[in-house]
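The chains referred to below are lettered A, B, ... by the order of the sequence lines, with proteins before strands, and numbering in each begins at 1. Note that the coordinates shown come from a computational prediction; the quantities given were computed from them, not determined experimentally.
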There are 2 protein chains.
Amino acid sequence: MTSTNSLTADDLGSAAQRDRRKRILDATIALATRGGFDAVQMRAVAEQADVALGTLYRYFPSKIHLLVSALGREFEKAEAAGRGKPIPGDTPHERVMYVLGRTTRGLQGEPHLTEALTRAFMFADASVQNEIHHVGMLMTSMLTRAMQPGKTDLTEEDVAIAKVIGDVWLAALVGWVTGRTTSEDVTRQMDVAVRLLLR
Amino acid sequence: MTSTNSLTADDLGSAAQRDRRKRILDATIALATRGGFDAVQMRAVAEQADVALGTLYRYFPSKIHLLVSALGREFEKAEAAGRGKPIPGDTPHERVMYVLGRTTRGLQGEPHLTEALTRAFMFADASVQNEIHHVGMLMTSMLTRAMQPGKTDLTEEDVAIAKVIGDVWLAALVGWVTGRTTSEDVTRQMDVAVRLLLR
DNA sequence: GGACGAAGTGAAACGTGTTCCTATTATGCC
DNA sequence: GGCATAATAGGAACACGTTTCACTTCGTCC
């Protein structure tokens, strides 16, 4: 039934449309990587993706949709890369911290991109529900996998804990991208939270 | 030394200036209460506060500064109202949940205002550091007081826990103001987090 | 191959945050 | 009181997200 606001990857029939969508998201990532949230200007994205401004808005009804969709794609990419590999660590704490550390380092390697995506995520309103939910699910499943590798049946409690960790991580990330905390602060905050939550 | 970007309450000598500042913040709250983040338009704030647009920008260098400052003032007001009164509840969990519940209900009574202030808070960047820090301190101290009423010496662990709870609360609030979760969800999320963190 | 609707183009226009500039008014000092 | 300086008013101008519209191109069905 595909009742989303922005065109998702699935309901694009034509290959040309899939290609346009990809070009748009590529341009978004490129601009965000170079200059962050402010550099992702709709006219610039349209030009770099070689589509008209109106077309860009047909694919993504707002800058926020665009950026959150880009975040979803990046997250999927990262998740696919890590899938299958076992997560090192002897305890849930160690494994979760490993995953968080790896992801956090990845984000901190591209500070502008991270700033753009994080701020879009935090600014998104109800109209971006689907995209947000998608990202949230990926985040939660990444964390539950680290908590209980191999186990397929997760208790509600496990999921709740993962969500709390995700919340704290997000808040820490926001502090970092907005220049209020350092990357060490982020690691420290996460360590405290994970230690308290997974004991 | 007062090296803030926006004029804080302290370094306004003249009473007329203090009054202008107050009028501006009052107008901000009024507009936000009526129509949320989008309704707080700088021209409208200036008009309602009976100052010129340029003057508004002299007092608050951006819409975000304005809204976060307004949040700080409201938070202080709420904190002052609750100060002195003992917090009901026999355990830290009960007391923290009481404080969170009361504050959350207060916020949910003015959904537009809450939306405006929360989004501004989440969107703020490093230039709003001072105002953000101010609000963060108030939030943390409110929580630590509920955790350890009467105790004056808090361990680092206590503060860390309070910060984590604050993070989760913020994330839950963002979910609510952006229409992704219900108020019951917020309460449930907080209950889980507090139970896990204060055991 | 032609018709028709959907999708894309290109450009103008609008709304709102932000900046800038000049004239006017308030404030403090002599 | 008169003056120097800062603060404010008033309003134009700019930037960028978003909308709109007339026109063209593309895909599909007959």
Whole-Å distance between C/dG8 P and A/Gln17 CD? 5 Å
Taking all non-hydrogen atoms of both residues, which atom of A/Gln48 and which atom of A/Ala30 are closest, and how far apart? NE2-CB, 3.6 Å
Charged N to carboxylate O under 4.0 angstrom, A/Arg73 versus A/Glu76? no
With respect to the phosphate group of C/dG8, does any side-chain polar atom (N or O) of A/Tyr57 fall under 4.0 Å of OP1 or OP2? no
Salt-bridge present (B/Lys163, B/Asp167; N to O < 4.0 Å): no
Rounded to whole Å, the CZ-P distance (A/Phe123 to D/dG17) equals 13 Å
Rounded to whole Å, the CD-P distance (A/Gln41 to D/dT18) equals 12 Å
Spacing between A/Leu53 atom CG and D/dT18 atom P, to the nearest angstrom: 10 Å
In whole angstrom, give the distance that lies between atom OH of B/Tyr59 and atom P of C/dT18. 19 Å
Give the nucleotide from the list C/dT19, D/dG17, C/dT9 with an atom nearest to the side chain of A/Met42. D/dG17
In terms of side-chain geometry, is the basic nitrogen of B/Glu115 or B/Arg119 positioned less than 4.0 Å from the acidic oxygen of its partner? yes
Closest listed nucleotide, where the reference is the side chain of B/Ala52 and the choices are D/dA9, D/dT18, C/dT19: D/dA9
Both A/Ala16 and B/Ile64 contact DNA chain C. Taking the nearest nucleotide for each, which residue is further toward the 5' end? A/Ala16
Distance check: side-chain N/O of A/Arg58 vs OP1/OP2 of C/dA7, anything under 4.0 Å? yes
If you look at every strand shown and take non-hydrogen atoms under 4.0 Å, does A/Val45 touch a base, only sugar-phosphate, or nothing? nothing
Between P of D/dA7 and CZ of B/Arg21, the distance in whole Å: 16 Å
Base, sugar-phosphate or nothing for A/Arg20? Non-hydrogen atoms, less than 4.0 Å. sugar-phosphate
For A/Arg43 and B/Val51, take the nucleotide of DNA chain D holding the closest heavy atom to each; which residue's nucleotide lies nearer the 5' end? B/Val51
Dump the intermediate steps for salt bridge (Lys or Arg N to Asp or Glu O under 4.0 Å) on B/Asp191 and B/Arg188, then the final yes or no. CA-CA 5 Å; B/Asp191 207 72; B/Arg188 209 170 4 252; over 6 Å; no
Taking CG from B/Asp38 and C1' from C/dG17, how many angstroms apart are they, rounded to a whole number? 12 Å
Rounded to whole angstrom units, what separation is found between the CD atom of A/Glu47 and the C1' atom of C/dG10? 13 Å
Selected nucleotide, minimal atom distance to A/Lys63 side chain, candidates D/dT8, C/dT9, D/dG17: D/dG17
